[in-house]
Amino acid sequence: MTERISSVDTFDIRFPTSRQRDGSDAMNPFPDYSAAYIVLRTTAGAEGHGFVFTVGRGTEIEVAAIRSLATMVTGLPVDDLVADPGALARRLIGDSQIRWLGPEKGVVHMAAGALVNAVWDLAARRAGQPLWRLLATLTPEQVVAQIDWRYLRDALTEDEALAMLRDAAPGKAERERTLLAEGYPAYTTTPGWLGYDDEKLARLCKQAVSDGYQLIKLKVGADLEDDVRRLAIARRAVGPDVHLAVDANQVWGVSDAIGWMRELAPFDPYWIEEPTSPDDVLGHAAIRSALAPIRVATGEHMHNAVMFKQLLQAGAVDVVQIDACRVGGVNENLAILLLAAKFGVPVCPHAGGVGLCELVQHLAMFDFIAVSGTAEGRAIEYVDHLHEHFTAPVRIENGRYMAPRTAGMSAQMLPSTLTAYRYPDGPRWAGAESSDGGHR
């Protein structure tokens, strides 16, 4: 019998992080870290796991979008799916009716990405390999075949991508050995949430340095006087040699971003992240020009590879920040990694949230082994939240991500978590309210 996808199970999973202000920033003061979570099941009993990261209300909308697309996955032969996830990605993203709700952006695009990621998780499990290694074993031709090039060829062609991948191939084995022995650089946002008091900020900054981190990120943008005070505390805590990055989470207009960051410049910020609307390519270019040598970093809310293409073409970004759940899954992130390599811009993935660290580490490690061939100027974001809910949580040693050894994309949540944090009837949510007074 041909093994097929028998079902796509969906879950609305939410964690009450707003109660301690974990994850708080200028744009999102009371987030409840959440996930629209899915399990692909096959007729042979195999599984593939995926999800979309959300921050509370609206997770039910993402679940509904996944259910709408799931009808295009159920019944498909598993061998065909895992042999060519790109075919499924093009089908889900290109559906002529659902595409109208994007196109290639927002709720429906992220829903497609969750299903695509779940297929990659299934493929890696069947191969008995962690996803980073499965991707690294693909030939340059196989990688290029996974990408939809229609809107990208004016910046990067298939032939250019093949040439980059072939140039990187000779050192792949040595870089894999290095990765397994040393891990991949991390930076931490754990100390930097806006809702934390000064004592907690200083204590967590000192702890981060003790734990081996050389880059620490703080949230800014709610109040300039507070930001000046908090950066002074952080700089005293970490000393002059540890990098401090700042993140405004899109709260400013262009002129506000420039003026605010000039006030913070004495603290030597390594980058300003999401200084304005993620859609404003020319605004990012203006901010970068005005604030140099402070770097501009963005990408966690970029809709798709086309937006990244324009940022790079316009010289509007110093640090590309991919997100495993924002765009159309692994396949589109492969395109973004190749675009960044073409333009010589380092990739420092966005993580934290629910499971984002677990997912995106695989993409960064693939980039190191098979695309850019370097970890210089690169680091994956790390936030010490909610990893205990996963069957294969990230491992951090001395400020570095240690390469996953478990087969899959590290996306599987514990069954007990799916029961306890299911919204609205799980025992952790029954009758509960969020810290901002809204019923979840």
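Note that the structure is predicted; figures quoted are calculated from it, not measured. Side-chain atoms are counted along with the backbone in the values below, which use heavy atoms only and exclude waters and symmetry mates.
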Search all heavy atoms of [X] against all heavy atoms of [Y] and return the closest pair with its distance.
| X | Y | result |
| --- | --- | --- |
| Val281 | Gln310 | CG1-O, 3.7 Å |
| Asn117 | Ala324 | ND2-O, 3.0 Å |
| Val108 | Gly102 | CG2-N, 3.9 Å |
| His49 | Asp121 | N-OD2, 2.8 Å |
| Val209 | Val242 | CG2-CG2, 4.1 Å |
| Ala114 | Val52 | CB-CG2, 3.6 Å |

Under 3.5 Å, which donor-acceptor pairs do the side chains of residues 396-412 form with other protein atoms, sequence neighbours left out?
residue	atom	partner	partner atom	Å
Arg400	NE	Glu182	O	2.7
Arg400	NH2	Gly183	O	3.1
Tyr401	OH	Glu381	O	2.5
Ser410	OG	His362	NE2	2.8
Gln412	OE1	Arg125	NH2	2.9

Glu104/Tyr151 under side-chain contact (heavy atoms from CB on, under 4.5 Å): CA gap, chis, key distance, verdict: CA-CA 12 Å; Glu104 299 183 35; Tyr151 300 136; 3.6 Å; yes

Arg19 to Trp193 six-membered ring, cation-pi geometry met (6.0 Å, 45°):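 No, a cation-pi geometry is absent between Arg19 and Trp193.
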
Between the main-chain N or O of [Y] and the side-chain N or O of [X], is there a donor-acceptor pair closer than 3.5 Å?
| X | Y | answer |
| --- | --- | --- |
| Glu174 | Gly171 | no |
| Asn304 | Val327 | no |
| Thr74 | Ser7 | no |
| Gln142 | Pro140 | no |
| Ser372 | Ala341 | no |
| Arg126 | Ala46 | no |
| Lys309 | Leu339 | no |
| Thr54 | Thr59 | no |

Within the structure provided, determine whether [X] and [Y] are in side-chain contact (heavy-atom separation under 4.5 Å).
| X | Y | value |
| --- | --- | --- |
| Gln214 | His243 | no |
| Lys219 | Thr189 | yes |
| Leu81 | Leu40 | no |
| Trp149 | Leu156 | yes |
| Ile5 | Leu122 | yes |
| Phe366 | Leu337 | yes |
| Leu418 | Ile13 | yes |
| Leu338 | Leu165 | yes |

Residues Gln146, Asp84; criterion side-chain contact (heavy atoms from CB on, under 4.5 Å); working and verdict: CA-CA 7 Å; Gln146 287 301 304; Asp84 185 14; 2.9 Å; yes

With rounding to the nearest 0.5 Å, note down the distance linking [atom1] in [X] to [atom2] in [Y].
| X | Y | atom1 | atom2 | result |
| --- | --- | --- | --- | --- |
| Leu194 | Asp247 | CG | CG | 9.5 Å |
| Thr417 | Leu386 | OG1 | CG | 9.0 Å |
| Met302 | Glu274 | CE | CD | 7.5 Å |
| Asn249 | Thr276 | CG | OG1 | 12.5 Å |
| Gln129 | Leu135 | CD | CG | 9.5 Å |
| His109 | Arg99 | NE2 | CZ | 10.0 Å |

Heavy atoms of other groups near Glu376 CD, more than 12 under 6.0 Å: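 Count not over threshold, so no.
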
Stepwise side-chain contact (heavy atoms from CB on, under 4.5 Å) check, Val319 with Val345: CA-CA 6 Å; Val319 180; Val345 176; 5.6 Å; no

Side-chain donor-acceptor contacts of residues 350-360 below 3.5 Å, not counting sequence neighbours, with atom names and distances?
residue	atom	partner	partner atom	Å
His350	ND1	Asp323	OD2	2.6
His350	NE2	Glu300	OE2	3.2
Glu358	OE1	His387	ND1	3.4
Glu358	OE2	His387	ND1	2.7
Glu358	OE2	Val394	N	3.2

Pair Tyr421 and His389, ring centroids less than 6.0 Å apart: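 That pair passes the under 6.0 Å test.
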
Parallel, tilted or perpendicular: rings of Tyr37 and Phe51 (30°, 60°):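 Rings of Phe51 and Tyr37: parallel, under 30°.
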
Step-by-step side-chain contact (heavy atoms from CB on, under 4.5 Å) determination, Asp32 to Trp429: CA-CA 11 Å; Asp32 280 324; Trp429 279 112; 3.7 Å; yes

Please report, to 0.1 Å, the donor-acceptor pairs under 3.5 Å made by any side chain of residues 85-96, with sequence neighbours excluded.
residue	atom	partner	partner atom	Å
Arg91	NH1	Met72	O	3.0
Asp95	OD2	Gln97	N	3.2
Asp95	OD2	Ile98	N	2.8

ring-ring contact (aromatic ring centres under 6.0 Å, His included): pairs with one or both residues in residues 158-187, sequence neighbours excluded: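 Qualifying pairs, neighbours excluded: Tyr187-Trp271.
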
Residues which pass side-chain contact (heavy atoms from CB on, under 4.5 Å) with Asp159, listed by chain and number, not counting sequence neighbours: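 By the side-chain contact (heavy atoms from CB on, under 4.5 Å) rule, Asp159 matches Thr157, Leu162.
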
Sequence neighbours excluded - salt bridge (charged side-chain N to carboxylate O under 4.0 Å, His left out) pairs with any residue from residues 328-344: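 Counting only pairs at least two positions apart or across chains, the salt bridge (charged side-chain N to carboxylate O under 4.0 Å, His left out) contacts touching residues 328-344 are Glu160-Lys342.
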
